[in-house]
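Heavy atoms only: backbone and side chains are in, while hydrogens, waters and symmetry mates are out. Indexing begins at 1, ligand by ligand and atom by atom, following the structure's order.
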Amino acid sequence: MVSSFNPTPRTLMGPGPSDVNPRILSALARPTIGHLDPEFIRLMDEVKSLLQFAFQTKNELTIPVSAPGSAGMETCFVNLMSPGDKVVVCVNGVFGTRMADNVRRLGGQVILVEDEWGTPVSPEKLRATLEENTDAGLVAFVHAETSTGVRSDAKALCAIAREFDCLSIVDCVTSLGGIEVKLDDWGVDAAYSGTQKCLSCVPGLSPISLSEAAVARVQSRKSPVSSWFLDLNLVMGYWGEGQTRAYHHTAPVNALYGLHESLVILEEEGLEKSWERHQDNHLALRAGLEALGLEFIVAEDYRLPQLNTVTIPDGVDEASVRKQLLNHYNLEIGPGLGVLAGKVWRIGLMGYASNPRNVLFCVNALESVLSGCNAHINKGVATEAVQKAYSQGSS
Ligand SMILES: *Cc1c(COP(=O)(O)O)cnc(C)c1O
């Protein structure tokens with residue numbers, strides 16, 4: 001007979017999921033109620049306004065899609081483009097290539113703006129591309145590229161998209177809650193995120209937000225949205241305003257208790273405070289990793305505090321190190337993706353996992369495992385470097 005599943009508790013310091021706050025785990029265990037229960041509808045309204053706060057927007061269409069971040073990506077493309085449309089997609093890592101794939105599968109014409117992995121999207125290249133493609137209607141890019149640890153200048157890129165009368169689609173999966181995200185200030189038309197990165201909730205939901213202009217485009221489509229489940233015209237019959245909410249699909253009721261709790265926690269801490277915390281812990285982790293002799297591959301100006309991409313010491317089998325961290329320390333860090341596979345580790349400090357205990361734990365565990373495989377690292381100096389960084393901290 002198969003018995004109940006009881007996972008070993010891990011410390012999650014990879015590219016997601018991140019450690020889930022215990023308050024969220026207990027919210028998930030509360031009694032399931034109906035998806036049209038008046039109490040549940042009150043929770044839905046609160047989730048919408050909490051998401052408006054997290055995204056810094058007044059957009060009415062700000063809701064969680066009942067599926068992971070990838071479904072939020074697909075929701076934006078399937079609703080905002082039609083077959084034959086020209087779409088400019090900026091690619092500087094794995095998630096940009098997925099956006100381009102979405103456009104191709106939906107019968108659109110992809111115009112790529114390509115930048116090296118490990119560098120941000122170039123606003124100049126985007127402008128030059130739009131000058132040559134004045135018939136494009138959409139610009140898409142990733143704000144925080146989790147495959148490399150790079151932040152692109154979302155404000156500048158959205159402003160250029162607007163100049164050329166394009167709507168913008170921005171991937172905020174890893175940025176939301178961890179670094180500044182301001183949809184209204186930046187003029188973002190469609191953003192999607194995920195629950196399992198800096199919101200530290202369980203995986204499986206994708207908060208999205210669409211501007212008035214984006215909603216107008218969805219409502220005035222000539223061809224129907226090709227996905228029934230992701231068609232926002234239908235989804236809004238359930239998530240929209242007013243008392244007459246109609247059944248569309250059964251909402252993931254308990255998962256939404258979890259998202260609600262994670263957003264309550266974010267509001268209690270305050271957005272700016274959360275961004276500062278991510279930065280402070282990043283600086284301490286950086287001090288420790290650099291003291292060991294590891295190097296960041298992303299320049300400081302556009303490095304993400306929540307996703308630290310570092311080189312692997314010569315001669316070290318990176319997969320074996322991750323395996324030892326998991327087996328001996330219950331610590332998960334991430335491997336490189338795509339062109340960076342085998343070349344880097346990606347160490348996440350996302351949401352609840354971004355704390356001094358994890359920083360010290362990770363630096364010490366890495367030091368011990370790397371010492372065990374005779375790697376060339378500087379021994380016995382990392383802990384002090386971390387402590388020094390905290391004592392000099394910005395707050
Ligand atoms: C994780 C991630 C996604 C995909 O989210 P899932 O919840 O895994 O589907 C998309 N974009 C970026 C930048 C991500 O980091």
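A donor atom on one side chain and an acceptor atom on the other are not found under 3.5 Å apart for Thr119 and Tyr302. Of the N and O atoms on the side chains of Ser200 and Asp19, not one donor lies less than 3.5 Å from an acceptor on the other residue.
Remark: of the listed residues Asp185, Asp184, Thr62, Asp184 is the sole one forming a side-chain hydrogen bond (donor to acceptor under 3.5 Å, both in side chains) with Thr57.
Under 4.0 angstrom from ligand 1, the non-hydrogen atoms of Gln196 all belong to its side chain. For Ala144, every heavy-atom contact with ligand 1 shorter than 4.0 Å involves the backbone, none the side chain.
Annotation for ligand 1: atoms under 4.0 Å from non-hydrogen atoms of Thr174 are 15 (O). Residue-ligand proximity, Ser70 to ligand 1, at heavy-atom distances under 4.0 Å covers atoms 4 (C), 5 (O), 6 (P), 9 (O). Those atoms of ligand 1 with a heavy atom of Pro68 less than 4.0 angstrom away are 6 (P), 7 (O), 9 (O).
Remark: minimum distance from atom 15 (O) of ligand 1 to any protein heavy atom is reached at Thr146 OG1, 2.3 Å. Of the protein's heavy atoms, Phe95 CE2, 3.5 Å lies nearest to atom 3 (C) of ligand 1. The protein non-hydrogen atom at the shortest distance from atom 5 (O) of ligand 1 is Gly69 CA, 3.5 Å. Ranking protein heavy atoms by distance to atom 14 (C) of ligand 1, first place goes to Lys197 NZ, 3.0 Å. When only non-hydrogen protein atoms are considered, atom 11 (N) of ligand 1 lies nearest to Asp171 OD2, 2.6 Å.
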Would you check, one step at a time, whether the test side chain to side chain donor-acceptor pair (under 3.5 Å) holds for His260 with Glu46? CA-CA 8 Å; His260 182 276; Glu46 289 179 0; 2.7 Å; yes
Please test Ser320 against Gln324 for side chain to side chain donor-acceptor pair (under 3.5 Å), starting from the C-alpha separation and ending with a verdict. CA-CA 6 Å; Ser320 148; Gln324 290 180 63; 3.3 Å; yes
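A cation-pi arrangement, defined by a distance under 6.0 Å to the six-membered ring centre and an angle within 45 degrees of its axis, is present between Arg303 and Phe296.
A parallel orientation is assigned to the rings of His248 and Trp228, their planes being inclined by less than 30° (bins at 30° and 60°).
In this structure, Gly72 does not count as a contact residue of ligand 1, since none of its heavy atoms falls inside 4.0 Å of the ligand.
Taking the charged nitrogens against the carboxylate oxygens, Lys58 and Glu212 have no contact shorter than 4.0 Å, which rules out a salt bridge.
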